[in-house]
Amino acid sequence: MIETDIELLKGIANQLRIHSITSTTAAGSGHPTSCCSAADVVATLFFGHMRYDAKNPHYYNNDRFILSKGHAAPLLYAAWAENGFIPIPELLKLRQFGNDLEGHPTPRLPFVDVATGSLGQGLSVGVGMALAARLDKLDYNTYVLLGDGEIAEGSVWEAASLAGIYKLNNLIAIVDANRLGQSQATAFGHDIGVYAKRFDAFGWRVEVIDGHDIEEIVEVLSGIGLDDKPLVLVAKTYKGAGVSFLQDQDGWHGKPLNKEEAAKAIAELQPSSKSGIGVPIPAPNQLPAPSDTAPAGYPPLNYKLGDKVATREAYGTALVRIGEVDQRVVAMDGDTKNSTYAEKFFKKFPDRSTECYIAEQNLVGVATGFGARGKVPFASTFATFFTRAADQIRVAGISQANLKLAGSHVGVSIGEDGPSQMALEDMALMRAIVGSVVLYPSDAVSTEKLVEQMALAKGVHFLRTSRPKSPVIYSNDEQFPVGGAKVLRQNAGDKVTVVAAGVTLHEALKAADALKAEGIGVTVIDAYSIKPLGKKEILAAAQKTNNTVITVEDHYSEGGLGDAVAGELSVNGVKVHKLAVVGMPRSGKPEELIAHFGIDAAAIVKKVKSL
Ligand SMILES: Cc1ncc(C[n+]2csc(CCOP(=O)(O)OP(=O)(O)O)c2C)c(N)n1
Ligand SMILES: [Mg+2]
């Protein structure tokens, strides 16, 4: 037990304020006043309360800290400088090109687990981390610092709800209730009882405190884990606290001080500032490390050619098969697990499964949190509902998160449920995510093999699965390297190359058979890897068919397979004719709909003939 020195913490808080001001003044931009309001909380957490190895931010049993209000990045950097991790002069390189002290935190920095700054996402990640700690029987806590303006985001309440449901008493939220947002006061200003009531209703233990009273902060933090609820500190603070001409003033959000103002502010803070260097930081407990090794291999597949299996079902089967040999694999779903078939995993491995209920932004954030703790998280729902979490997925890309998304029920081929359930924009979204991999299998074998690779590789992966059953067309030992494509039909004299994936691949094969009977040869390619695209295979085939390609996809014509092929191969002179869903979809039988939208075998035959 390290004795708490209140005066020292007050001094460190002022030192953090000074760094926040000097670094943003040097950068000429940033959010010094947002740092000042939270400085007392951060000083208390980092210099005596949190248990962590400041030399090894990745240590698996370190307490985690998520700066959900990421614009206060200079404050976070100041804490990691005062604890000795960052050389203090480095702080003056804030926001400079080539320096990792970016405007908002990113995991380029070893003490940042996930990128923040798109407000409203940190608490979801914290829920994932708190669940991971529980699963791994580790005793680290997860602390999430939020702004009062920030908690207007619905995703915050999705996370708050799940934390309450799962009684995450290893999760601590701190709301920096400084009354102000960016352009004006928050809706509730300093009427912070409103926040207290809300968190209480979501199943949290609530402590309303003076966020500048270190004694009080220390006191309430000592109550962590005493009951079975997550804890929130609703901290009444002042934006710009500690500097007379900034404190509680509107109009200072996101503004650095000029040199004279900075000097004036520092003159006020300096006399009572203290260095954190050398202040003892409580060590984390030494507990057994969680399993972090990838399996040497996977149990074999056992499909028969022609078996009718939906790719969504093969996904569930695959998850169980890889989960058997890989303890890192965890699954979560948004109350669709009987449709996505994640329920197979949920039944087999309940401890490694998290029902996130119907809250897709939080679903993705929770998965990102698990990924940041070394798990291989597979999150599933209807593909179209992942588009609700577009921003979380985008930020996962920036975080270089290890995130596996499986979206089912894609395209018009879901049939009767109608347009609101059909994913027709998902490939466009997922392809645009930085560093993403987009996979679109057409049969059970390719699905299973692609899920294996998703588990083994790092990064954001999206698997697009279909509702209808389709025949197994590959043998159990076929390999599907990411970035490849399969040439399924090819003969000398073929007139055109048809590139398809998922349900339309089967239509392309039917079309090829029909055309063959009429003496017209076409090459058929399975583009199971949409990003990276199997460019080499497609180009080689196209060059043998007069550089003419037809793409067929159960997706809108914008941003999907056709655009991927055209975008990659136009420089090679390949002409791409797109068959895709155009116009407003509606309910109907899958066969009716793929015929109506011109992506079935008959439409392919017609297009080939027209060329
Ligand atoms: C999702 C999202 N919307 C808008 C912004 C722009 N923005 C950055 S900070 C901010 C105000 C935040 O207010 P608050 O959460 O109270 O933080 P404070 O600076 O007061 O601590 C806004 C609107 C953002 N970063 N993310
Ligand atoms: Mg605020």
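Order of listing sets the numbers, starting from 1, for every ligand and every atom in it.
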Legend entry - Residues S118 and Q121: side-chain donor-acceptor under 3.5 angstrom: yes

Inset, instruction - Check whether more than 12 heavy atoms from other residues, nucleotides or ligands sit under 6.0 Å from atom CD of Q400, and answer yes or no. - result: no

Legend entry - Aromatic ring pairing W157/F202, orientation class (parallel under 30°, perpendicular over 60°, tilted between): tilted

Legend entry - Residues Y52 and N61: side-chain donor-acceptor under 3.5 angstrom: no

Inset, instruction - Sort by chain and number the protein N/O/S atoms found under 2.8 Å from the Mg ion (ligand 2). - result: D148 OD1, N178 OD1, L180 O

Legend entry - Closest contact, heavy atoms only, E150 versus L145: OE1-O, 4.3 Å

Legend entry - Geometric cation-pi criterion, R373 with Y140: 6.0 Å, 45°: yes

Legend entry - Ring centroid separation F65 to W80 under 6.0 Å: no

Inset, instruction - Report all protein residues having a heavy-atom distance below 4.0 Å to some atom of ligand 1; order the list by chain, then number. - result: S34, K69, H71, G117, S118, L119, G147, D148, G149, E150, E153, N178, L180, G181, Q182, K239, H253

Legend entry - Candidate pair R431 and D563, rule salt bridge (charged side-chain N to carboxylate O under 4.0 Å, His left out), full reasoning: CA-CA 10 Å; R431 283 180 60 224; D563 280 1; 5.4 Å; no

Inset, instruction - Output yes when K10 and E7 qualify as a salt bridge under the 4.0 Å nitrogen-oxygen rule, no when they do not. - result: yes

